[in-house]
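Read the numbers this way: they start at 1 and go in the same order the structure lists the ligands and their atoms.
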Amino acid sequence: MNEFAQLTFEEKTIELPVVRGTEQEIALDISKLRGQSGLITLDRGFKNTGATHSAITYLDGEKGILRYRGYSIEELAENATFEEVSYLLIYGELPTEERLDWFNNSVSHHTLVHENMKTFFHGFPLGAHPMGMLSAMVSTLSTFYPAAQNANRSVEDIELTIHRLIAKLPTLAAQAYKHNTGHPAVYPQNDLSYTENFLYMMFGLRSEDYMIDPVVNSALNKLLILHADHEQNCSTATVRVVGSSRANLYSSISAGISALWGPLHGGANQAVIEMLEQIKADGGDLQKWIDKAKDKTDSFRLMGFGHRVYKNFDPRAKIIKVAADEVLEALGVDDPILDIAKELEAVALKDEYFVSRGLYPNVDFYSGIIYRALGIPTEMFTDMFALGRLPGWIAQWKEMTENNEPIGRPRQVYTGHTERSFVPMSQR
Ligand code: CMC
């Protein structure tokens, strides 16, 4: 049944098709609005704009629901491996044992990066931000695999690019870390699982001297799953828009990494720990910082609080909070920063300003705490988020490409000068 909504403006009425999703989300299709009426819509920050149809991730911010391909985040985090979830996001179904073996085998055969890439790493200054290095290196991969740049690339080329990216991102992230510690790069070991291999490349120096702690490995697996997709967020929308120009997958993912870096998005996990350290160094007066966050003349925000879509609670934060407690106990971590985090959470959750605006701790409030307990340095936190989000970005890029979506190109309401004459320099 075709449904329509009517819009009346200046005595003209036009009909806008109604689109319903499988979870009864309702949208008005305004794609023909301008042609019919001369009007465009205005929605700064795309707070109320559906940019696409998507069958990958469903979330309901009011009810705190998050599902990948129909499976709840709670069940996936409890039962699945990150490799299975990656396959699910990219191919649409949970893998059989045989398909998972095929996927893991293919990925593990592409974990090395070309030795010439070392030259680029050597060029970065010591202390270069790992997100800057990661974004640059992923973009650089496109120059080593030119087939990916071909706008008429085959399905096989795309699949190979996808497997290469999943395989190489942990290697590149670990090498970015090693660059800043001055240690030699540790080469991947392909008989390890995805998370074990990453931990080995980060913390191993020689194969015999690094034992992977199962608690650390399981926490990392959970964290990556929780971050694996989140429908049309800032970095995913970036990946889709860049990809919509038919740019290659490496460049699209590199752009997504850059978008993720910002402190209002994935960079929040780093910003949370830096904020807690700042509060501690300042004497630990929590009320002072809460008041700063509430002060509209002060740009300070409580990092790790609030979310564009979750206004009651962030389901990922609920899972991760339990995981954080387990990890801290199992590893016997006693960290004063964590005490400040717990107190801050308790104070903010009772404060009318935060309660009335639906500002709850988000996934990044707790993820930074776990990463810190796992021994991952603060400036690597957002790289960890990128590792988790990669399969989601890929799935979204693939869906956009397969649906042959048009190039992303928003409109604007111009508010600048109307036409005026050029003024010669001598008269300005
Ligand atoms: N501290 C203090 N006030 C806040 C905060 C905060 N963290 N977040 C939102 N507000 C206030 C904001 O000032 C506004 O107040 P008012 O209505 O009086 O003008 C109101 O709450 C609504 O905020 P908004 O900026 O309109 O909301 P948004 O949906 O545009 O922004 C956000 C969402 C996540 C960018 C924002 O909450 C924020 O900056 N949080 C801190 C950064 C952070 O933790 N980001 C990680 C998000 S989770 C990871 C991910 O998925 O990217």
Side-chain angles (χ1 to χ4, degrees), residues 43-49 56-62 64-66 68 73 131 223-239 256-276 278-279 286-321 324 341 344-345 347-371 378 381-393 396:
D43 181 17
R44 292 195 326 149
F46 311 127
K47 289 194 175 201
N48 203 34
T49 293
I56 302 170
T57 289
Y58 172 67
L59 73 79
D60 180 328
E62 277 69 41
I65 295 173
L66 174 62
Y68 301 158
I73 192 65
M131 281 297 271
L223 279 162
L224 296 188
I225 291 175
L226 292 178
H227 284 95
D229 195 46
H230 213 232
E231 51 120 292
Q232 308 308 314
N233 54 84
C234 176
S235 57
T236 302
T238 300
V239 170
I257 294 171
S258 298
L260 186 72
W261 194 356
L264 297 191
H265 190 13
N269 54 16
Q270 173 174 346
V272 167
I273 297 295
E274 286 169 353
M275 173 187 77
L276 296 173
Q278 202 180 357
I279 294 175
L286 293 184
Q287 197 53 48
K288 173 182 160 187
W289 292 88
I290 297 254
D291 291 343
K292 267 170 80 61
K294 287 157 57 172
D295 181 354
K296 296 293 170 200
T297 62
D298 191 324
S299 63
F300 175 76
R301 280 187 165 201
L302 221 48
M303 286 292 126
F305 276 77
H307 200 276
R308 169 60 62 80
V309 288
Y310 296 123
K311 300 300 179 195
N312 287 319
F313 67 94
D314 179 338
R316 304 166 301 171
K318 232 176 170 177
I319 301 170
I320 224 169
K321 189 177 179 199
L344 187 66
E345 182 191 348
V347 177
L349 287 180
K350 279 198 222 103
D351 192 297
E352 197 276 331
Y353 173 95
F354 290 91
V355 175
S356 65
R357 288 172 177 75
L359 301 171
Y360 294 84
N362 57 50
V363 69
D364 284 333
F365 188 71
Y366 304 106
S367 66
I369 292 172
I370 303 195
Y371 288 137
T378 313
F381 288 2
T382 317
D383 283 47
M384 305 304 298
F385 193 154
L387 289 187
R389 186 55 55 88
L390 181 66
W393 286 331
Q396 301 270 352

Going by heavy atoms in the side chains, are Val363 and Leu223 under 4.5 Å from each other?
no

Non-hydrogen atoms closer than 4.0 Å to ligand 1: which protein residues do they belong to? List them by chain and number, please.
Lys47, Pro263, Leu264, His265, Ala268, Ala293, Lys296, Arg301, Leu302, Met303, Gly304, Phe305, Gly306, His307, Arg308, Lys311, Arg316, Tyr353, Arg357, Leu359, Asn362, Asp364

Parallel, tilted or perpendicular, as decided by the 30° and 60° cut-offs, for the rings of Phe385 and His265:
perpendicular

Would you say that Tyr353 contacts Ile290 through its side chain, given a criterion of any heavy-atom pair below 4.5 Å between the two side chains?
no

Is the centre of the His307 ring less than 6.0 Å from the centre of the Phe365 ring?
no

Show every salt bridge (charged side-chain N to carboxylate O under 4.0 Å, His left out) that has at least one partner inside residues 299-316, sequence neighbours left out.
Asp314-Arg316

Please check if atom CZ in Phe300 has more than 12 non-hydrogen atoms from other residues, nucleotides or ligands closer than 6.0 Å.
yes

